[in-house]
Amino acid sequence: MKKRIVYSAVLALVVLVCLPCLVEAAAFVVTPQGNKIEGTDIRANSKGDIILQTAVGSRTFLKGQYAQAVADKPDDFDKARKLIEMGKYDEALPILNNIVSKYKFLYWDSQAQALLPNVYVGKGDYVAAVKAYEELFANAPKAREGDLVWGYRDVLIKAKQYGRLSSELDEVIASGSRGDAAKAQILRGDISRAKGQVEPAALDYLRTVVLFKDAKDQQAEAHFKAAEMLEQLRDRRAQDLYRVVVEEYGDSPYAKQARSKM
Amino acid sequence: MGVLAAALGGALYADEVDREFEFAGGLIEIGFPDFAEKVVEQVLMKYPDQKDRAKLVRAQILISNRKFDEAQAIVAEMPEDNPKAQAITLALAGKYYQINELDKARELYENFFRQFKGKTPTDPDLKRFYMDASYQFGQMLEKAEDYEGAVKAYNRVLATNPDKAIKRNLQSDQAYLYLKVAEKDPDNSEKHIGKALELCNDLQWGGMDIWFGHSVIVMARAELLRGDKAKAQQVLKEQMDILKEVDRFIKEQDMPMKVSPMAGARFMLGELYDEQGQSFARKKDAANAIKYLGQALGEYYNVFAKYGGSDWGPEAGVRAKALKDQLESQYGKIINIDMGEYASEAAATQMRLADTLFFENKYPEAREQYIKVLNDYPETAAAPTALGNLAECYRQADDTLYTKMVIEYLGERFPKNDNAAVALLQLGKKYFDAGNEDMFTYTYEVYLDGFPEHQKAPGVLYTLAGMRKNAGDTEKSSVYFQRLVDNYPNDKYYIKALSSIAWDYYLGKNYTMAIPALTKYIEATQPGFDRAQAQFCLADAYRQTGDIRNALVAFVELLKWLKPENSEYDVSADDVKKNDDLEEKATFYVGYCYSLMTEPAESVPAFKKKAVQFYSLYLSQYPDGELASKAMNGMGTIQLSQDDFDGAVATFNDLAVKYPDSNEGKNALYSLIRSAMEVKKFDVARDALRKMLNDSQAYSPDEFLRVGQLMLNAGLYPETLEAMSIVLEKSQDREHQERALYSRGEAYYAMKDYANAAATMDELMTKYPKSGLFYDAKFIMGEAYRETGELDKATDAMSDVMKFASDALRINQASMILGQIQRAQDDKVGALASFQRVCLLAPNTPELRPVIRQCLMDSIALSQELGRYQDAQEICEQFLEQFPDDPEVPNIRKLWGEVKLKASVAAAAPPPQTGSDEQ
């Protein structure tokens, strides 16, 4: 899970970064029409107005008059990222928080925010991780549309904030893409399982097993978890499902566990 | 119209009857056997001579309900050669075939056909069945791979001289069948191929149509069978233009593409390419293998997508998938198939295979096929129905868990999809028919959650509510009814649900909840008895909750609805009677409510007047009404309260005379006695009691008890004794006995007949030592014995009180009386101690103050008598302190002065001499 979150955060970083104008450039502003105006220095005030220092003088862009404002990359941003990869969360945290506050409205705040959930997850503080995700989504709504949202849903479960997650998952299951629905079904099964509701959990896992075979990335997990639930329900088909995990998804992390159950 | 009917005579009759029976047959086919039965009954009423034909339809109804034995019983009643009996037999055979009981079907068909020995029936109904049966039998034999048998069966149909289209269709089918026979019988294949080609010749000479096209396919296939692939390909190529024309014609005519011969042609081309490709593959010629296999794939997919409904469609799909897998796995090709507009059709084609297995009741096989196709085509138009069938496959295997899994998926992933809703309903019905309440409830709940706007949702809710109600689970039924009311205010079940909720509350005596529910129900209904009844009960609910004002308003409103001569509430003759009953009751209750109104106080006289007015109205309109005695009683009571005593007496007398058997009539005397006591007309009360005593068997012990109590309360002690004697005579019931004995004791005591008072209380205590009247009886005993001088008994009585009592009042009262007894016994010291116990220990509560006061007074007197002046002084001081405003204060002050002096003198006096003087 940790790896997946890190991956998701990095992916988010890439998503957020892959915009028309990129990171390594000096300060610039992008207008709503898509024009890029470069400068030598850039500041933002507390209201979100941007002051860009250009060759011909300074220009002010009021909030709403620009699509994006980007400052120079903070010196310690990469350092923070490396610290996270090394598991040094306590050291990374103050750096990221500093970037978030210092670079508000200047792009790097959301970039740092995208890394914060990983830090909290690494520290085992899921409640803080949830908050960090929510602050990120509030600041950069588009981040919710990517894979990051699965990391968020994952920590909601770990933080036992089931109520909020359930209604979201219900919506995805009912009307999301089949891939997302399959993932959401497993998560919803996880919630039921955490609450001790074995049959509802089994139903969700089985749905992915039987009717979402096209969601190949979820099959091993769905089979394994369904098998566990069937085992609790004393349903002999649990063994069949474990066998499928071992035989057809031998490379997955669930295969070893399944083998031990057979 | 009549003339026309007469002119047409038999023809009209025959047409009408034919039409009706055909209609009945159609109703059976679409699943309405009950309606079909009604149609048959109506026909027989008009045309009783159609019994035999009716038997046929009835047998069909039985067969549709799978009551095969009963259908066969009908056949057994009829002669074997009876055409209708034969038709029933064929219908049975058809049904057996449908439910995959092929052996039974075959036996019936063969027996049937054996009877005809090659001749075609002439009876119209039988002929119709004969044709259908022959065709079905042919289909059955085909499926069983008895192709020659199938050909013969189709020949029977052809022998009935069907119209051209049917004939050519059958000939085309036979041509294909002959090829299959040839495949199975290679030694004689040329013979069979010859027959096939003969038929093709007939078809080609018969016209340029679909069947012409099929004949081309047969001819090409024939060449394949002969091993001449090149010739087969040539046949197809040469006729391809015609086939394209036919294909285009079919499309333009909006006919189903499955009938197009192009399907067979392209499938065959696919086969040819496939064979070539496989041959290259074996030779490891990858390039050519890929080329030909790719072409074959294209042909198969075309057939699968565009002609999926044809006989080649499903097989084309299977072969296409196999080729795709081969190309991907063997040659590393990535094949992206975009079905485009044909995706739904492609899905439907694959579904067909699953559906076929399903309808043949091969559930495990159907299940696997459905899973396969639902994963390939998860969300096409055909998916919900397929999911419903998949769920049924699991249900058949008794696999509740997996059934639930599919049910929830249907309900969640296909919202607003009518087919999904219908699938759930069908599944729910199956569980319902199987009596599996848990599962049908579960399924219907998923349906209701997922499809709240579906047209059947209100009906389902109402059904579930009704079932829960019948099972006594009113809590759950209320939930369902309320859901109906909250969500479907425009549905026909809305009012029924409102009605159920309201009546459940009312009949369950939950009047507080009944009021808003009834109000809502009344608002929603139209004038009629139901509404009037609801209004009455609303008024009653108000009354029951003590809201007399609103009760009155509601009753008055009801009378306004019902009073007019042609009230719109009198919808039917039945309603008139029922509404009259309501009107009667409402009239009474208006009076009753007025009689209870107390606010505003200044309006009370006016209310009473209104009450009397309505009671009088009731009595004049309904003198024999159920509530007449109550109305009269009510009037008398009001007269009493208004001090119209003469009026009240007259009314109560009237009540007793006119309604002697009613409770009020019997209690009339009681009411009269009570009112007489209140106004101190004791003679009247005595007279009334006399009447009761003279006719004592007409009155219950309770009535004598109540009257006796009234007498006691009013101080009419001899009358009390008389009344209570009757109670003692009439009833050995403990409550009656205790009460009567005690009251007699009280009466004796009040009459100062202390001996009898004591004896009566003693009798009470002996019979009922644990009576609730223990303390009261003991006090009277104590006082009575004291008066009779039986002081030991008096003491015993008070000691008993002090032994068992736990409340301060009783204990101290008993102490005081004990003191009085002791004083009577000349035990002054004992008496003083008893009094002082009260003075010093009794809590200074309002109820005990009189007792304390009395004890203080007695203590002062006794202390003086005993020469204990110091004590007397202190007691006086205590009195003055506790009762500073008492009228005896001046006397007590004076006494205090006196005893203080005496105490000083006593203190100063020398002690008495001891020794010889005292000897």
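So you know, we letter chains A, B, ... as the sequences are listed, proteins then strands, and number each from 1.
To the nearest 0.5 Å, atoms CZ (A:Phe212) and CZ (B:Arg413) are separated by 5.0 Å.
No more than 12 heavy atoms of other residues, nucleotides or ligands lie within 6.0 Å of NZ in B:Lys456, so this atom counts as exposed by the packing criterion. Environment of NZ in A:Lys131: sparse, with no more than 12 heavy atoms of neighbouring residues, nucleotides or ligands closer than 6.0 Å. Residue-environment remark: CD (B:Glu328) exceeds the threshold of 12 foreign heavy atoms within 6.0 Å. Residue B:Lys416 places its NZ atom among 12 or fewer non-hydrogen atoms of other residues, nucleotides or ligands, all under 6.0 Å distant. Few gaps surround CG on A:Asn35; more than 12 heavy atoms of other groups in view lie less than 6.0 Å from it. Heavy atoms from other residues, nucleotides or ligands lying under 6.0 Å from CG of B:Asp433 number more than 12.
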Open item on the list: Test side-chain contact (heavy atoms from CB on, under 4.5 Å) on B:Tyr402 and A:Arg237; report intermediate values, then the result.
Closed with: CA-CA 11 Å; B:Tyr402 277 66; A:Arg237 289 173 290 190; 3.5 Å; yes
- [ ] Kindly determine whether A:Ile173 and B:Tyr409 satisfy side-chain contact (heavy atoms from CB on, under 4.5 Å), including the steps that lead there.
- [x] CA-CA 9 Å; A:Ile173 288 167; B:Tyr409 178 56; over 6 Å; no
- [ ] Please lay out, stage by stage, how B:Met405 and A:Leu211 fare under the test side-chain contact (heavy atoms from CB on, under 4.5 Å).
- [x] CA-CA 10 Å; B:Met405 181 265 293; A:Leu211 295 168; 3.8 Å; yes
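Between B:Ile371 and A:Val210, the shortest heavy-atom distance links the atoms CG2-O, 3.8 Å. Taking both residues in full, the closest heavy atoms of A:Leu203 and B:Glu408 are given as CD1-OE2, 3.6 Å, listed atom of the first, atom of the second, then distance. Closest of all the heavy-atom pairs between B:Glu412 and A:Arg188 is OE2-NH1, 2.6 Å.
Not one N or O on the side chain of A:Asp214 forms a donor-acceptor pair closer than 3.5 Å with the backbone of B:Asp376.
Neither the backbone nor the side chain of A:Val209 comes within less than 4.5 Å of any heavy atom of chain B.
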